[in-house]
S.K.: 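One structure is given below, represented as structure tokens, and several questions about it will come after.
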Amino acid sequence: MDHDSSDTPDTARARKVRRGAAADAPPQELTPPDVDPATNGSDDEDEARLPDILEETGAVGEGLLATGHDAIERAVRLAPTSAGVYRMLNANNDVLYVGKAKNVKKRLSNYARIGAPQPARILRMIAATVSVEIVSTTTETEALLLEANLIKQLRPRFNVQLRDDKSFPYILITGDHWAPQILKHRGAQTRPGRYFGPFASAGAVNRTITALQRAFLIRSCTDSFFESRSRPCLLHQIRRCAGPCTREIDFPGYATLVREATDFLSGKSHAVKQELAGEMEKASGELEFERAALYRDRLAALSAIQSQQGINPRTVEEADVFAIHQEGGFSCVEVFFFRTGQNWGNRAYFPRAEKTFTPEEVLGSFLAQFYDDKPPPKIILLSHEIEESELLANALSIKAGHKIEVSTPKRGEKKELVTHALTNAREALGRKLADTATQGRLLEAMATTLTLPHPPKRIEVYDNSHIQGTNAVGAMIVAGPDGFVKNQYRKFNIKSEGLTPGDDYAMMREVLQRRFKRLLSPPEEPAKAKDDDFPQWPDLVIIDGGRGQLNAIREIFESLGLTQVSLMSVAKGPDRDAGRETLFMPGREAIKLEPRDPVLYFIQRLRDEAHRFVIGSHRKLRKKDIREAGLQEIPGIGPSRKRALLHHFGTLKEIERASIADLGKVPGVSAESARKIFEYFHPQPG
């Protein structure tokens, strides 16, 4: 939004106060700028929570089901054949469900049919219904908007419910003062100025504003504080404000700064950076190095903003990206906001929905509620195709006053954005599910479920990775009462010669023998961990595999005389489905836990963390092997000198091109070593 201000430097009044230490610093400038005082939005970012589990009762009584069918049948007789919204109510007049239909009479008739196959959730809803209320609408589009509004207001038991729905913060550059102010804004956009957003969180806005102050020196103080200045405040001294309050900068100069900031937030970041780079070169050429340094710092601040934004699209100017992931009976919808070609953050939502809802059903209902009180962007990208995407696009287009596109991309950059959002949704739900129970309770539950002698204080999980036997590496991750203990993680480069490529048993045998032989010396007093409260000996060892892997590991432990450590293997479910794993322990029948069991999900997290760590270690080893190819055979060139050479020259090709003199400049490389390296790449004939 653009708003012109009628204030000028000549008409603006400067109310002076006496000089004093209290007047040197603005009241809140050294912390992230506050919300626009004209709005009452809260800065507190409530962390999104998992919804309560919706309890599923047993079979529905025939009597209650018949009563519900009768109530719906009565409503069918009076229902219109046009579009509308219906509400199902129970005996306490509480709304059970809000639905919409193009033909309300036809939709309710589906519920009224006795003996028709219905999901258990629908049968429970029908059994609890005693009356139905109907509101007619002109079009199905109006019905969609009304349905979303009623669901948000009434929170019906059998609907998908959007939870933790707060207004998003914006950046506001004010337009009602001759020296515009930059600040965070929530709520109604009634104050004159330009609004940029939405941003996913207050933290994202605060970081961006702080960087923008360093880049463009725009004030963040209130108008009253501005008018009271007799000398610049501390922000001017630390180069985060141009000091317009005391005319340290003139009106045209400050207007230029505001224009540059507005252009940057409007998507013209490349042009702004080019302009600043040109000014820096010009100042440097004129030997005005202090002014050149100022432009350098401003460019660095802009680069910091863009580096914090992570993925920034090249072809998508304005879009919201939605991706949904379901696991353990819960759903997570991750939302990314892209404006002016920049990533302005993401946020995870955990809508309340029964586990029988498909991802498409949850996402469709979520979207209608999400945009009930928010302006939609030009493009909405989805991870799943929803049934009413065209209807939703029409409804949002009417609401926004311009065309809205709702699509599920199949290729290209848009698909990449959706895939990135889907990964974040999966990870967010994983973190949230793991946090639903405290680590201590999880360990206690694990001890009970697996019949362990006591809750494990140290759990070690092992995995290995290789490509046809090359660059084989094993890894160990550690977890305890405080979660993952990453300073205890270890990787093992597989050293045994003569291993059959792909022999996972032999690789795991080497890893475990190296690990536990070290602990067994001296056997009477195991080595202490750095933290004496955290044991060095594991209570439970977990490996990825089935009964065969478990038996192989048990033989290793028996040969080493290890009897105090519990063993378990985790076999993937059919089609590698998470939630259908089988657990194996020595001397016991296979264990299968319910998909919602927190213990199972905790075990999955342990296994996945080990897999992540070993894959990362393998990739580093393979990259290093490829990168250092050609240096391996040079006599006297060990790992330290190899690293020094690569750090100095960057690539193997540059090392090959270097002269003896250049090689000798590398720290740790003597003249003799430089000669050997040069001769290795440039052998003399004869």
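It should be emphasised that the depicted structure is a prediction, and the values quoted were computed from it without experimental measurement.
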S.K.: Walk me through whether D176 and R194 qualify under salt bridge (Lys or Arg N to Asp or Glu O under 4.0 Å).
M.R.: CA-CA 11 Å; D176 53 3; R194 291 203 61 179; over 6 Å; no
S.K.: Going by heavy atoms in the side chains, are H402 and S397 under 4.5 Å from each other?
M.R.: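 Side-chain contact under 4.5 Å: no.
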S.K.: Might you work through the side-chain hydrogen bond (donor to acceptor under 3.5 Å, both in side chains) test for D608 and Q604, ending with a clear yes or no?
M.R.: CA-CA 6 Å; D608 293 346; Q604 291 171 359; over 6 Å; no
S.K.: Indicate yes or no: at least one non-hydrogen side-chain atom of L108 is less than 4.5 angstrom from one of M88.
M.R.: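 SC-SC contact between L108 and M88 confirmed.
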S.K.: Do L381 and S407 have side-chain heavy atoms sitting under 4.5 Å apart?
M.R.: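 Counting from C-beta outward, L381 and S407 do come under 4.5 Å.
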S.K.: So with a 6.0 Å cut-off around NE2 of H611, is the heavy-atom count from everything else above 12?
M.R.: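 No, NE2 of H611 has 12 or fewer neighbouring heavy atoms, counting only those of other groups under 6.0 Å.
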S.K.: Would you list the pairs meeting side chain to side chain donor-acceptor pair (under 3.5 Å) in which at least one residue belongs to residues 90-101, sequence neighbours left out?
M.R.: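 Residue pairs with at least one partner in residues 90-101: K100-E388.
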S.K.: So, for F199 and F168, is the gap between ring centers shorter than 6.0 Å?
M.R.: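 For F199 and F168, the ring centres are not under 6.0 Å apart.
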S.K.: Please collect all salt bridge (charged side-chain N to carboxylate O under 4.0 Å, His left out) contacts where either partner lies in residues 137-146, sequence neighbours excluded, each pair once.
M.R.: none
S.K.: Do I218 and L212 make a side-chain contact, defined as non-hydrogen atoms from C-beta onward lying under 4.5 Å apart?
M.R.: no
S.K.: Tell me, please, whether F357 has K355 positioned over its six-membered ring: NZ or CZ under 6.0 Å from the ring centre and within 45 degrees of its axis?
M.R.: no
S.K.: Give me each pair satisfying salt bridge (charged side-chain N to carboxylate O under 4.0 Å, His left out) with a member in residues 107-119, each pair once, sequence neighbours excluded.
M.R.: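 Salt bridge (charged side-chain N to carboxylate O under 4.0 Å, His left out) check on residues 107-119 returns no pairs.
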S.K.: Mind checking the OH-CG spacing from Y170 to L183? Nearest 0.5 Å is all I need.
M.R.: 14.5 Å
S.K.: Do the side chain of S331 and the main chain of P351 share a donor and acceptor less than 3.5 angstrom apart?
M.R.: no
S.K.: Is there side-chain contact between F338 and I379, with at least one heavy-atom pair below 4.5 Å?
M.R.: no
S.K.: Check K378, R347, K374, R339 against D320 for a salt bridge (charged side-chain N to carboxylate O under 4.0 Å, His left out) and give me the one that passes.
M.R.: R339
S.K.: Would you give the length of the straight line joining atom CZ of R259 to atom OG1 of T262, rounded to the nearest 0.5 angstrom?
M.R.: 9.0 Å
S.K.: Please tabulate, for side-chain N and O atoms in residues 72-87, each donor-acceptor pair with protein atoms closer than 3.5 Å (sequence neighbours left out).
M.R.:
{"unit_1": "Y86", "atom_1": "OH", "unit_2": "Y111", "atom_2": "OH", "d": "3.2"}
{"unit_1": "R87", "atom_1": "NH2", "unit_2": "E133", "atom_2": "OE1", "d": "3.2"}

S.K.: Give the minimum heavy-atom separation between G99 and E147, together with the two atoms involved.
M.R.: CA-OE2, 3.6 Å
S.K.: Any chance you could measure F216, atom CZ, to E260, atom CD, to the nearest 0.5 Å?
M.R.: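 Here the rounded value is 6.0 Å.
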S.K.: Atom OH in Y601, atom CG in L593: separation rounded to 0.5 Å?
M.R.: 15.0 Å
S.K.: Could you walk me through whether I173 and Y195 pass side-chain contact (heavy atoms from CB on, under 4.5 Å), step by step?
M.R.: CA-CA 7 Å; I173 297 181; Y195 295 84; over 6 Å; no
S.K.: Is any side-chain heavy atom of L363 closer than 4.5 Å to a side-chain heavy atom of V333?
M.R.: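 Contact flag for L363/V333 side chains = yes.
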S.K.: Is the W344-F337 ring centre distance short of 6.0 angstrom?
M.R.: no
S.K.: Would the distance check show the side chain of S383 and the main-chain N or O of I324 forming a donor-acceptor pair, the cut-off being under 3.5 Å?
M.R.: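 Between the backbone of I324 and the side chain of S383 there is a qualifying donor-acceptor contact (under 3.5 Å).
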S.K.: Given side-chain hydrogen bond (donor to acceptor under 3.5 Å, both in side chains), test E361 with S365 step by step and report yes or no.
M.R.: CA-CA 6 Å; E361 290 173 329; S365 183; over 6 Å; no
S.K.: So how far is it from K102 NZ to T137 OG1, rounded to the nearest 0.5 Å?
M.R.: 12.0 Å
S.K.: Please enumerate all residues that pass side chain to side chain donor-acceptor pair (under 3.5 Å) together with R612, with sequence neighbours excluded.
M.R.: E609
S.K.: Does the ring pair (Phe, Tyr, Trp, His ring centres under 6.0 Å) test come out yes or no for F366 and Y349, once each step is laid out?
M.R.: CA-CA 10 Å; F366 176 91; Y349 288 86; 5.4 Å; yes
S.K.: What is the distance from atom CD of E334 to atom CG of N346, rounded to the nearest 0.5 Å?
M.R.: 4.5 Å
S.K.: Assess whether salt bridge (Lys or Arg N to Asp or Glu O under 4.0 Å) is satisfied between R411 and E416, documenting all intermediate values.
M.R.: CA-CA 8 Å; R411 64 183 65 86; E416 293 174 5; over 6 Å; no
S.K.: Hey, is R607 close enough to E581 for a salt bridge, meaning N to O under 4.0 Å?
M.R.: yes
S.K.: Got a sec, which residues hit side-chain contact (heavy atoms from CB on, under 4.5 Å) with T419, two or more places apart in sequence or on another chain?
M.R.: K415
S.K.: Check for a donor-acceptor pair, side chain of K572 on one end and backbone N or O of T582 on the other, with a separation under 3.5 Å.
M.R.: no
S.K.: Do the side-chain N and O atoms of Q181 and T174 include a donor-acceptor pair separated by under 3.5 angstrom?
M.R.: no
S.K.: Could you check whether any side-chain heavy atom of L417 comes within less than 4.5 Å of a side-chain heavy atom of F336, counting everything from C-beta outward?
M.R.: no
S.K.: Would you say L429 and F350 make side-chain contact, with heavy atoms under 4.5 Å?
M.R.: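 Answer yes - side chains close enough.
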S.K.: Determine, stepwise, if the pair T408 / E385 fulfils side-chain hydrogen bond (donor to acceptor under 3.5 Å, both in side chains).
M.R.: CA-CA 6 Å; T408 306; E385 293 186 5; 5.0 Å; no
S.K.: Got a donor-acceptor contact below 3.5 angstrom from the D372 side chain to the A148 backbone?
M.R.: no
